[in-house]
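A note on names: the letters A, B, ... follow the listed sequences, proteins ahead of strands, and every chain is numbered from 1. Keep in mind that the numbers below use all heavy atoms, side chains included, and drop hydrogens, waters and symmetry copies. Being a predicted model, the structure only gives us computed values, none of them experimental.
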Protein chains: 2
Amino acid sequence: MQKETLCLGLLSLGPRSGYEIKQMFEGPLSDFYSLSFGTIYPTLNNLQSSKYVSCKQHAQSKKPDKKVYTITKKGLVLMKSNLLSDATEYIRSGNFGDQIKSEFFLLVLFSKYLPNEMLDTVMNERVLYLKQKLEQFKYDGPIPSELAALRKEKSIKFIRGLASTLFETGIRYVEKNRYLLKE
Amino acid sequence: MQKETLCLGLLSLGPRSGYEIKQMFEGPLSDFYSLSFGTIYPTLNNLQSSKYVSCKQHAQSKKPDKKVYTITKKGLVLMKSNLLSDATEYIRSGNFGDQIKSEFFLLVLFSKYLPNEMLDTVMNERVLYLKQKLEQFKYDGPIPSELAALRKEKSIKFIRGLASTLFETGIRYVEKNRYLLKE
DNA sequence: AAGTATATATATCAGATTGATATATATAAT
DNA sequence: ATTATATATATCAATCTGATATATATACTT
């Protein structure tokens with residue numbers, strides 16, 4: 001998906017700054033996609049100069065002004081059109097998998113060359129990480145009001161449910177089968 | 001993980017050409033990690049000039065010579081040492097998740113802006129893809145002899161088992177809950 | 001029989017992306 | 001008092017990808 005479409009899509013969920021978009025990639029979206037500051041900021045500037053988003057500068061004493069971007073009507077039109085062509089391209093490409101770089105899987109793949117204590121640490125930390133993530137996905141308590149609106153989106157419900165089962169399955173498998181790697 | 005460590009690790013499973021390493025990334029490793037030709041070929045050349053791998057050129061009438069690389073003793077030493085520092089860095093970084101870019105999840109996230117038929121196609125193709133992958137992971141029949149050796153590795157058994165359950169879980173969830181996205 | 005597509009095989013490189021760094025301050029923790 | 005973390009934007013060297021070039025064989029299509 002083009003970075004413009006993605007930024008517009010995220011802004012369609014509510015006005016946000018570049019910093020806050022990055023926070024989404026590091027938080028709730030971290031298991032699905034990510035963009036760096038070096039991509040986000042220039043993209044927002046381009047979208048603004050083409051009037052796909054508007055920008056309100058919030059002065060903050062001594063911190064850089066917070067630039068809050070809002071998607072425009074023109075931007076919404078572009079987003080929907082791009083989304084359709086991105087989906088068409090997804091189908092056309094025949095490439096339905098995800099792009100993944102997993103340090104964990106590589107360490108497991110070469111685990112026979114790792115000292116046992118190191119392998120234990122890697123496994124323990126991974127399981128701990130998965131459990132924390134699972135809690136985040138399942139958590140249903142109070143959250144900031146901007147995010148509360150998101151939670152009602154059908155797509156978010158679907159994704160949270162999918163992520164939860166996948167994490168649960170992963171945790172269960174690793175806990176049951178990690179002994180296999182050591183004999 | 002450094003690209004050198006990764007290439008050495010794959011060559012520790014048996015001698016291979018750059019093209020064949022790429023095939024591993026496109027085949028069995030595709031759901032865990034990938035490197036492009038533009039990274040693989042220069043890395044192999046560097047490893048060779050530092051004597052971490054040796055190279056036998058197999059002349060082939062009119063195709064470019066196939067360069068088959070074999071890891072050296074020096075290379076095995078470097079690989080084990082690097083693997084340990086890579087694992088240490090994995091622990092130190094506190095970043096235990098995977099780097100993921102999933103076009104599918106983005107399309108689901110913004111599915112309310114997609115026409116229903118397009119969403120159906122995306123879902124159908126994704127499920128089909130997952131089912132094919134699952135079959136590949138579960139398949140236990142005859143395979144080329146180089147790969148047969150791999151199959152006996154403990155780490156490969158662990159990974160195939162994990163991948164299989166995760167794909168099964170994913171398929172089941174999508175099939176049961178895809179209606180949620182449409183009301 | 002001719003043409004098209006795909007597979008083998010290495011190499012290179014423009015363009016895109018990341019990860020780190022710069023800048024500036026507030027607040028929390030040690 | 002010092003260190004670390006968080007807010008906030010911006011930039012850029014270093015790296016990586018995706019595409020292209022080169023050359024041929026084989027399989028499929030019309």
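A/Thr39 has a side-chain polar atom (N or O) that falls below the 4.0 Å cut-off from OP1 or OP2 of C/dT18. Applying the 4.0 Å criterion to OP1 and OP2 of D/dT7, one finds that A/Gln23 has a side-chain N or O inside that range. Phosphate contact (OP1/OP2 of D/dT17, side-chain N/O of A/Lys101, threshold under 4.0 Å): present. OP1 or OP2 of C/dT10 lies within a sub-4.0 Å distance of a side-chain N or O belonging to B/Tyr41. Using a 4.0 Å cut-off, no side-chain N or O of A/Lys67 falls inside it from OP1 or OP2 of D/dT9.
Side-chain proximity of B/Phe37 to the nucleotides C/dT12, D/dA8, C/dA7 is greatest for C/dT12. With D/dT17, D/dA8, C/dG19 as the candidates, the nucleotide lying closest to the side chain of B/Leu35 is D/dT17. The nucleotide whose nearest atom lies closest to any side-chain atom of B/Lys66 is, among D/dT7, C/dT10, C/dT17, C/dT10. Each of D/dA8, D/dC16, C/dA11 was ranked by its minimum atom distance to the side chain of B/Asn45; first place goes to C/dA11.
Look at CZ on A/Arg16: it is 16 Å from C1' on D/dT7, rounded to the nearest Å. Protein atom CD1 of A/Ile40 is 12 Å distant from nucleotide atom C1' of C/dT17, rounded to whole Å. The OH-P distance, from A/Tyr19 to C/dT25, rounds to 17 Å in whole Å. At whole-Å resolution of the value, CG in A/Leu47 and P in D/dT9 are 15 Å apart. Rounded to an integer number of Å, the gap from B/Asn46 CG to C/dT12 P is 12 Å. To the nearest angstrom, C1' of D/dG18 lies 15 Å from CD of B/Glu103. The nearest whole Å value for the distance from the NZ atom in A/Lys56 to the C1' atom in D/dA8 is 20 Å. In this structure, the CG atom of A/Asp65 is 12 Å from the C1' atom of C/dA24, given to the nearest Å.
In terms of position along DNA chain C, the nucleotide closest to B/Tyr69 lies nearer the 5' end than the nucleotide closest to the other residue of the pair B/Tyr69 and B/Gln99.
The number of heavy-atom neighbours closer than 6.0 Å to NZ of A/Lys154, taken from other residues, nucleotides and ligands shown, is above 12. No more than 12 heavy-atom neighbours from other residues, nucleotides or ligands sit within 6.0 angstrom of NZ on A/Lys176.
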**Request:** Check the pair B/Asn177, B/Arg172 against side-chain hydrogen bond (donor to acceptor under 3.5 Å, both in side chains), reporting the backbone distance first and the verdict last.
**Result:** CA-CA 9 Å; B/Asn177 296 285; B/Arg172 214 178 311 127; over 6 Å; no
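For the pair B/Lys80 and A/Tyr113, the cation-pi test (distance below 6.0 Å, angle within 45°) is failed. A/Phe137 does not carry A/Arg160 over the face of its six-membered ring by the limits of under 6.0 Å from the centre and within 45° of the normal. For the pair B/Lys133 and B/Phe167, the cation-pi test (distance below 6.0 Å, angle within 45°) is failed.
Residue B/Gly38 is in base contact, counting any heavy-atom pair closer than 4.0 Å across all strands shown. Backbone-only engagement by B/Ser34 is indicated by non-hydrogen atom pairs under 4.0 Å involving sugar-phosphate atoms exclusively.
Ring pair B/Phe25/B/Tyr33 is tilted by interplanar angle, where 30° to 60° counts as tilted.
End-to-end axis angle of the helix from C/dA1-D/dT30 to C/dT30-D/dA1, using five pairs per end and rounding to 10°, comes to 40°.
In this structure, B/Ile71 CD1 and B/Leu76 CG are separated by 4.0 Å, a value rounded to the nearest 0.5 Å.
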